[in-house]
Structures are given as structure tokens and as C-alpha cells.
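Counting starts at 1 for both ligands and their atoms, in listed order.
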Amino acid sequence: MRDPKERLIIALDYPDLPAALEMARLVGSEVGMLKVGLELFNSAGPKAVLAVRELGARVFYDSKFSDIPNTVAGAAAAVARLGVSMFNVHALGGSTMMAAARTAATEAASAAGLPAPIVIGVTVVTSLSDDEVRDELGIPGDARETAIRLAVLAKEAGLDGVVAAVSEVPEIRRVCGKEFLVVTPGIRPAWARVDDQSRFATPKQAIEAGSDYLVVGRPVTRAEDPLEAVTAIVREMASACTT
Ligand code: C5P
């Protein structure tokens with residue numbers, strides 16, 4: 001098993017850069033990546049990514065791009081030049097859009113002398129219910145079936161993996177193979193508050209289900225001692241039984 005610490009991503013969900021950087025300084029060296037999401041990016045701009053990188057941390061930009069392929073390609077090239085280690089696009093944007101993001105990111109990173117970022121697809125956001133997927137979006141079947149189908153599409157488009165709920169990981173692994181990365185949010189250690197997550201799993205369950213990267217926000221960022229929370233999560237990940 002890869003070093004559990006490298007597989008933990010902490011979400012810097014803050015409205016301003018100073019607060020995000022305070023947390024980044026505290027836990028950045030103890031985890032694999034720090035996640036810059038839409039809240040921080042749209043408050044502080046690209047300099048949020050650069051400032052977190054300057055601390056020596058790797059950045060997952062949770063960009064959730066979705067637009068025409070040409071526009072997404074331009075955005076993908078821009079974030080690759082910022083030096084993000086991972087970013088994502090909506091798989092519902094289609095395979096041409098996903099492939100355009102993949103190609104543009106790889107080319108821009110190479111031109112800038114940077115490693116190609118990991119490009120991940122967002123399948124069905126876990127906030128959508130089965131009824132919403134069927135009745136509002138008009139997609140037959142349930143959210144889970146749609147998520148699996150979109151994971152296959154993301155793989156075929158050349159993406160490195162997908163974001164998924166822990167409960168979907170074994171099936172995605174089965175159909176997309178063991179090299180395909182699965183990034184799972186909705187992680188709640190037994191000692192943490194559930195907050196607004198409804199389909200959550202413990203760090204141990206996530207690793208045992210086959211997750212490659214665990215995204216954790218409030219159980220760390222709102223903990224009395226965030227560093228101790230990170231240590232406890234990494235210890236729990238390491239205790240998971242994998243075959
Ligand atoms: O605080 P918490 O651990 O719930 O944070 C989870 C992080 O993962 C947040 O940044 C949230 O935006 C993100 N996320 C999620 N569920 C998804 C996709 C992303 O909670 N389906």
C-alpha cells in the first residue's frame with residue numbers, strides 16, 4: 001500500500017487566503033495534497049494556488065470545469081501552467097470535452113517544464129438524488145448507474161480517474177481497472193461530526209473499498225487540533241486491510 005499520508009487530501013474550504021494559508025502551513029507537510037475549491041479560488045484567484053504551492057504543498061484544484069471543448073481546453077492549459085497536481089472536469093460535459101482537457105493540460109505542463117497534472121472526472125455530484133437525476137436531468141436509471149457509466153466514459157476519454165462516493169468504488173474498480181484513480185470525499189472518522197454529508201464512510205472503509213485519495217475537509221479544518229486529526233486519520237488509513 002502506498003504511504004497513507006500521500007493519499008490524504010485536505011480541503012481548504014475558506015473564503016479568504018490568510019485563513020487557508022494558516023491551515024496549509026499547519027497540515028501541508030503531513031498530507032499528500034491540499035484542495036483549493038471554487039470558494040477559495042473565486043475569492044482569492046489563481047494566487048491561492050501559487051501561494052499554497054510556495055509552501056511546498058501539492059495542489060488539487062477542484063475546478064469542476066464544464067463548457068465547450070475549446071473553452072475547457074484553454075482553462076485546463078491555464079491551470080496546468082499554475083502547477084496544479086490534479087484538477088477535475090464534469091464527465092457530463094462529454095468525452096470530446098474531457099479529451100480536450102487532458103490533451104491541453106499535458107501539452108501546457110510540458111511546455112512549462114512541469115509534470116502533467118492528474119485529470120479527474122466528476123461523475124454525478126453526490127448532492128443529486130436518484131429522483132433529480134431521473135426527473136430533472138432526464139437520465140434513465142439511478143445516480144449510481146449513471147456514475148459508473150460516466151466513469152467508463154472518463155476512462156475512455158483518457159482521464160486518470162474520477163471523483164466518487166466510497167460506496168461506488170468497488171464497482172468502478174471492477175469496470176475501470178486497478179490503475180484508474182478514484183478520489184473519494186464524504187469521509188467521516190467515527191469521532192467526527194457528520195455535518196451535511198449524507199453518504200459518508202470512515203477513512204478505513206474508504207481504503208478498504210479501494211479509494212486512492214481521500215478528501216477530508218471539516219473533520220480536520222474544524223477540529224480543535226487539526227494536526228492531531230490528520231495524524232488520527234492517517235493512522236486509521238494505515239490500519240485498513242487491503243489485499
Ligand atoms: O468538510 P467535508 O469533509 O465534508 O469536505 C468535503 C470536500 O469535498 C468539500 O470541499 C466538498 O466540496 C468536496 N466534495 C464533496 N462531495 C462531492 C464532491 C466534492 O463533499 N461529491
Does ligand 1 have any atom sitting under 4.0 Å from a heavy atom of [X]?
X	value
Pro219	yes
Asp195	no
Arg222	no

Nearest protein heavy atom to [atom], by residue and atom, and its distance?
atom	value
atom 13 (C) of ligand 1	Lys35 NZ, 4.0 Å
atom 8 (O) of ligand 1	Pro185 CB, 3.5 Å
atom 7 (C) of ligand 1	Val215 CG1, 4.0 Å
atom 20 (O) of ligand 1	Gln197 NE2, 2.8 Å

Exercise. Does Asp196, backbone or side chain, put an N or O under 3.5 Å from an N or O of ligand 1?
Worked result: no

Exercise. Got an N/O contact under 3.5 Å between Lys64 and ligand 1?
Worked result: no

Exercise. Without hydrogens or angle criteria, can the side chains of Arg102 and Thr106 be said to hold a donor-acceptor pair below 3.5 Å?
Worked result: yes

Numbering the atoms of ligand 1 from 1, which are under 4.0 Å from a heavy atom of [X]?
X	answer
Arg188	1 (O), 2 (P), 3 (O), 4 (O)
Ala11	10 (O)
Arg218	1 (O), 2 (P), 3 (O), 4 (O)
Gly217	1 (O), 2 (P), 3 (O), 5 (O)
Asp13	9 (C), 10 (O)

Which heavy atom in [X] sits nearest to a heavy atom in [Y], and how many Å separate them?
X	Y	answer
Arg173	Asp212	NH2-OD2, 2.6 Å
Phe180	Ala151	CZ-O, 3.6 Å
Leu159	Val119	CB-O, 3.6 Å
Ala20	Leu40	CB-CD2, 3.6 Å
Met97	Phe65	CE-O, 3.9 Å

Exercise. Above 12 or not: heavy atoms from other molecules or residues under 6.0 Å from CD of Glu132?
Worked result: yes

Problem set entry | Heavy-atom neighbours of Glu6 CD exceed 12 at 6.0 Å | yes

For this session: Check Leu214, Leu26, Val215, Val31 against Ile10 for a side-chain contact (heavy atoms from CB on, under 4.5 Å) and give me the one that passes.
Result: Val31

Exercise. So which of Ile9, Val163, Asn88, Leu38 actually passes side-chain contact (heavy atoms from CB on, under 4.5 Å) with Asp62?
Worked result: Asn88

Exercise. Can you tell which part of Ser127 has a heavy atom less than 4.0 Å from ligand 1: side chain, backbone, both or neither?
Worked result: neither

Problem set entry | ligand 1 versus Thr126: contacting region, heavy-atom distance under 4.0 Å | both

